[in-house]
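Both counts, for ligands and for their atoms, begin at 1 and track the order of listing. Because the structure is predicted, anything quoted here is derived from the model rather than measured.
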Amino acid sequence: MIAAAEEERFSRRKHGKRPVPFAAWELPELAAAWCLEQAGLRPEDLDGVAYSYDPQLVVPGGPGQDERWEDLRTTYAHRAPNFLATALPGLDAAQVRFVPHHIAHAASAGLAAPYRESAVLVCDGRGEAVSHLAGHYRDGELTVLASQALPHSLGLMYEDLTQHLGFLRSSDEYKVMALASYGEPRFLREMRELVYATGDGGFRVEPIDWSVYAKALGKGEKWTADHADLAASVQARLEEVLLDLATWLHERTGARYLTMAGGVALNCVANTRLFAEGPFEEVWVQPAAGDSGTALGGALHLAQANGDPVTPMPGAALGRGWSDEELGAWLDVARVPYERPADLAATVAAELAADRVIAWFQGRAEYGPRALGRRSLLAHPGNPRNTERLNDVKGREQFRPIAPMVLAERAPMIFGRGPMSSPYMLFVHDVRPEWRDRIPAVVHVDGTARIQTVERGRDPLLARLLEEFEARTGLPVVVNTSLNTAGRPMVDDPRDALECFGSAPVDVLVLGPYVVRRGAVFAG
Ligand SMILES: [Fe+2]
């Protein structure tokens, strides 16, 4: 695995395109060109290009389709090889292969995970004609055991609720999950009648009239207890159905490990419930579990089918990176005063201990939606005001939590319930009661935190930063949230970092080995 990156990081347009079916012609041209450059390949060198949707599988006029746009989406998908050959001159369009959407998701988990054998569960909004896949990977071979046909879809159910609550569907689902922790699952009984597993590996989602439970909200309209209770009820029911599906899958496979992908696998509250209450020893979620990860899965699936060696993913740092010299040149061009401290970790830890907000830019960018200490905003977890402060920097809703990174060996002392290795921030953990007042900025209203565990061997600089911070404050925990401002994709290149530093109240910018202080750049 040489490179993986999302188009949004290049085009600076969130998700690369609008989350609507008629945007299907827009392909990740800039990201694809960069991946080739990183590999030292030209488009004509490629002997396989995966497209993670197979238009042949679409049932014309089938259930669950958006009839206004379905034919357009299918037409665009059929023409994808030509679109790609236009975007990447020299590419032979005949090398483009259609990989069924859920096979691509499944491969992005089962073939990328560090196991030779795993049960794999994929749930998302929809692919061509289904919304789910349950299967078994053994030595790279997938056996599909169940797949739920549309219109039944756990992902679409969650998307519908997202829209009902005034958020952007197919984009803002994580806000519904955050809102759920403010409510009580008062409508769980009703949801159990409407959404249920069918005992054959699949499930049903009956049509739901959301307005019976809480009135529809417009964009930015204030939510009430009813809305939070509805979110809590749907979240709880989703978790229960996923547990049923996982139990069925475990009975069928006897596998020790569960691997997951698909948009629903970004629901870290549900993931923890599967880990804590489900039958599998370990649950592994691919960091780019949403549709962006189907690029990786599609490629792995083709490589495996071709007999090429496929190895587990080395981590999420598969995006763009710059050398120290290149980063210095960016700062020189911007005529920004900077220093290169002898001990970067100690210098930054001292700034954090003094309650300064740090924009932290190190190494190659993360693949997937989470900041994992490469393009992160860091802050002191002990100041309860820092939740508000960072949500202000990022222009986010104040009900949304911010998350901690923690030294892996310290995690069990502070956190419980979720898996103790959580390098991709895709699980939530309970914060032990005696720690809640010590790290208030990262404790969500329900007493949980979505942690990233940092291992010395994998991330030595980050581990040193956490140690230095602990030495100054007694806290082996630092606030970590993604480095971006409202509605924008995460910072990716040094220009984005400088622009973010220039426009948001961030105290210190750390660009590789260099430190830029706000006071030195902006007078008074
Ligand atoms: Fe998907």
Among the N/O/S atoms of [X], select the one at the shortest distance from the Fe ion (ligand 1) and name it.
X	result
H101	NE2
D291	OD1
D124	OD2
H105	NE2

>> Please tell me whether S131 and Q148 have a donor and an acceptor in their side chains that are separated by less than 3.5 angstrom.
In response: no
>> Could you tell me if S171 and H15 have a donor-acceptor pair between their side chains, going purely by distance under 3.5 Å?
In response: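 The answer is yes; a qualifying pair exists.
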> Do we get R450 above F427's six-membered ring, with its NZ or CZ under 6.0 Å from the centre and within 45° of the axis?
Replying inline: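 R450 over F427 ring: no.
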>> Is the ring pair W34/F10 parallel, tilted or perpendicular, if the boundaries are 30 and 60 degrees?
In response: tilted
